[in-house]
Number of protein chains: 2
Amino acid sequence: MVTEHLGAARTPGRPRSEKAEKAIIDAAIDMIAEGTGVAELSIEAIAARAGVGKTTIYRRWSNKEDLVVDALATLKAPMPELEGKSVREDVIRYLAGMQQETHHRRTRCIMNIALSESERFPHLAERFREIAVKPRRDALRAVVQRGVDSGELRADVDVEVAMAALTGAMIFFTKWRENDDELPADLPERIADQILAGLLP
Amino acid sequence: MVTEHLGAARTPGRPRSEKAEKAIIDAAIDMIAEGTGVAELSIEAIAARAGVGKTTIYRRWSNKEDLVVDALATLKAPMPELEGKSVREDVIRYLAGMQQETHHRRTRCIMNIALSESERFPHLAERFREIAVKPRRDALRAVVQRGVDSGELRADVDVEVAMAALTGAMIFFTKWRENDDELPADLPERIADQILAGLLP
DNA sequence: TCGATACGCAACCGTCCCGTTTCGTAACCC
DNA sequence: GGGTTACGAAACGGGACGGTTGCGTATCGA
């Protein structure tokens, strides 16, 4: 965003249209959600889709990455409530939420960007992590930590590793599955129970 | 590859240069490894980098995806030997191998393609899974299955979930870490031990 | 009413890429 | 040597896109 908010210094002349701004950002997000990579996003296509002149875009953002950063910033990620009675219950609910999200093309493609474009757009990736990843990570960390504190989990549990195992297992299933079979409906339970119980006899 | 190998039907005229073919494929792989997405790969750029005329490329592949598929097919993935004495040992070696690979930009970017371009290039993604993912997955599955059979692991272990937890945890650490700190050197051990032991008291 | 700014639209030129064709040369078999 | 095919280089027309500019209109404050 380039708009200046210096005190109450309202500029003379016609004010910028908030509707146009929203249309631009929506168009950008939609195109990303449809699989267009950041590098292939064209200002012209965004403008056309938003029903907006290219000028209107260049007036606000000086380059594409700035636009995308602002677009991602508007994504409010809904989070499942994690105030259940047990760690197991909260973990299952968290994993089920993840699984649910992979059904939305929008979420999938946005996650792809976070996974793959971080090499080329570090600024973008950092912003994305802050907005979408961190809140979820914090929520899960709180659940595990609560379990450790309450004695429901072992005291020597490595919280970060536990989070990685839970989250990573679900990502692995949803992204690297060999065939396109439906995922089993009880996948969250199975992951949670097995990681909680461990593999040893 | 379009070259026909019908019996010993050697064609008249000048034979195709294997050197040119190798140069083309190397150039394509290099560009991918440098972060160029498949969609942005241009035949012209590949030709220039390979020191080859565009004609030489079009003579062999009719489209870009075919070329990339052939390029990926040349990637021989070195696999760690997993014939140790215990499941724990093999798992740690496997995870260490994964961690090692993330240090090579080449491997990282190619994994990115597998993760993110599968939506737009399903043919490509399938081929990649077959070449790079499946052998590793099979190796890890064998390790876990051996553990179950020998009694080293619980009999009711869900092998697929266990694999997902182990692999997913490492992927999660290497790709979604918040800061760019170095990963702890004993990460493979920590992941293996915690997933083997579980979280419950 | 007037000046200032934003708007959508269209056009501009330069760049990149595609897929094809043409050129002169090189390599192979008979 | 003659026939055939591949080679690298260059150029083609066509298209997409970038970033800029000018146009006529719309919307604000003074």
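Letters go in sequence order (proteins before strands), and every chain restarts at 1.
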Polar pair under 3.5 Å, donor/acceptor by atom type, side chain [X], base [N]:
X	N	value
B:T56	D:dA6	no
A:T55	C:dC9	yes
A:R14	D:dA26	yes

Separation of atom [atom1] in [X] from atom [atom2] in [N], rounded to whole Å:
X	N	atom1	atom2	value
B:I43	D:dG15	CD1	C1'	17 Å
B:W61	C:dC18	CH2	P	15 Å
A:K64	D:dC17	NZ	P	11 Å
A:E18	C:dA6	CD	C1'	14 Å
B:R60	D:dA6	CZ	C1'	8 Å
A:L67	D:dG18	CG	P	11 Å
B:Y58	C:dT22	OH	P	17 Å
A:I24	C:dG8	CD1	C1'	11 Å

Quick one: does B:D158's side chain have a donor or acceptor within less than 3.5 Å of a partner on B:V161's backbone?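 Here the side-chain-to-backbone pair exists.
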Counting N and O atoms only, with roles assigned by atom type, does the side chain of B:E152 sit under 3.5 Å from a partner on the main chain of B:V87, one being a donor and the other an acceptor?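 Yes, B:E152 side chain to B:V87 backbone: donor-acceptor pair under 3.5 Å.
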Nucleotide nearest [X] (side chain, heavy atoms from C-beta), chosen from [options]:
X	options	value
B:R59	D:dC7, C:dC18, D:dG8	D:dC7
B:R16	D:dG19, C:dC18, D:dA6	D:dA6
A:S42	C:dG19, D:dA9, D:dG18	D:dG18
B:S17	C:dG19, D:dC7, D:dG19	D:dC7

Given that A:E40 and B:G51 both sit by DNA chain D, which one's nearest nucleotide is further toward the 5' end?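 Its nearest nucleotide being more 5', the pick is B:G51.
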Pick the nucleotide of DNA chain D nearest each of B:G13 and B:K54; which residue has the one closer to the 5' end?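 So the residue in question is B:G13.
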Would you mind telling me which residue lines up with the more 5' stretch of DNA chain C, B:E44 or B:P15, judged by nearest nucleotide?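 It is B:E44 whose nearest nucleotide is closer to the 5' end.
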Taking NZ, NE, NH1 and NH2 as the nitrogens, is one of them in B:D149 or B:R146 under 4.0 Å from a carboxylate oxygen of the other?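 Result for this pair is no, no salt bridge flagged.
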Quick test of your reading of the model: are B:R88 and B:E189 salt-bridged, counting only N-O distances below 4.0 Å?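 No salt bridge links B:R88 with B:E189.
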Under 4.0 Å between any heavy atoms, over every strand shown, what does B:L41 touch: base, sugar-phosphate, or nothing? Just pick one.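 Sugar-phosphate only.
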Counting only heavy atoms not in B:H123, do more than 12 sit closer than 6.0 Å to its NE2 atom?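 Open: at most 12 neighbouring heavy atoms sit under 6.0 Å from NE2 of B:H123.
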